Amino acid sequence: MRALPPAQLRAGFRTVSDVVTRSAYEFRGDSPAVTERERLPDHGHSLVVGHGRRTVAGDALQWPADRDIHGRDASRA
């Protein structure tokens, strides 16, 4: 299996996305990559357009930095 990148899997309350994120988390199983799953019970299925979207987006953007995860160098792509 190809090496998997780090992943932050987030799901809102009472949505199919919780089932999908759980399945994705389990699929990643033994991957050495940082993988975290989080339920956001105060949010609906539209995490990026619903109430609190700025907080959701800000947390998602801060997630890699908080875990010392760095993207590849675009100049070497």
Side-chain angles (χ1 to χ4, degrees):
M1 181 158 118
R2 192 173 141 223
L4 298 172
Q8 178 188 39
L9 308 168
R10 303 176 105 192
F13 180 65
R14 286 193 283 190
T15 65
V16 72
S17 61
D18 184 52
V19 172
V20 173
T21 57
R22 189 173 340 123
S23 178
Y25 184 81
E26 290 169 0
F27 170 79
R28 296 176 68 83
D30 296 330
S31 171
V34 175
T35 303
E36 295 179 8
R37 181 175 166 262
E38 179 181 11
R39 281 192 80 195
L40 304 171
D42 296 334
H43 297 275
H45 69 281
S46 299
L47 295 176
V48 297
V49 296
H51 75 88
R53 65 187 171 276
R54 292 181 195 275
T55 301
V56 170
D59 291 349
L61 292 171
Q62 188 61 41
W63 184 81
D66 290 348
R67 285 144 190 85
D68 200 30
I69 299 170
H70 305 284
R72 68 179 181 171
D73 183 350
S75 67
R76 297 182 354 199

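Every heavy atom of this structure was used, including side-chain atoms; hydrogens, water molecules and symmetry mates were not. On a predicted model such as this, the values are computed, not experimentally measured, just so you know.
- In terms of the salt bridge (Lys or Arg N to Asp or Glu O under 4.0 Å) criterion, Asp42 has no residue partners (sequence neighbours excluded).
- Checked against side chain to side chain contact (heavy atoms under 4.5 Å, CB included), Ala33 has the following partners two or more places apart in sequence or in another chain: Arg28, Ser31.
- Taking all atoms of both residues into account, the shortest heavy-atom contact from Leu9 to Thr21 is CD1-O, 3.7 Å.
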I'd like a table of donor-acceptor pairs (distance under 3.5 Å, sequence neighbours excluded) in which one partner is a side-chain atom from residues 60-67, with atom names and distances.
from: Gln62; atom 1: NE2; to: Asp66; atom 2: OD1; distance (Å): 2.9
from: Trp63; atom 1: NE1; to: Glu36; atom 2: OE1; distance (Å): 3.0
from: Arg67; atom 1: NE; to: Glu36; atom 2: OE1; distance (Å): 3.2
from: Arg67; atom 1: NE; to: Glu36; atom 2: OE2; distance (Å): 2.8
from: Arg67; atom 1: NH1; to: Trp63; atom 2: O; distance (Å): 3.0
from: Arg67; atom 1: NH2; to: Glu36; atom 2: OE1; distance (Å): 3.1

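- Residue pairs satisfying the salt bridge (Lys or Arg N to Asp or Glu O under 4.0 Å) criterion with at least one member in residues 52-65, sequence neighbours excluded, are listed as follows: Arg10-Asp59.
- For Arg22, the side chain to side chain contact (heavy atoms under 4.5 Å, CB included) test picks out Asp18, Val19, Glu26, Arg37, with sequence neighbours left out.
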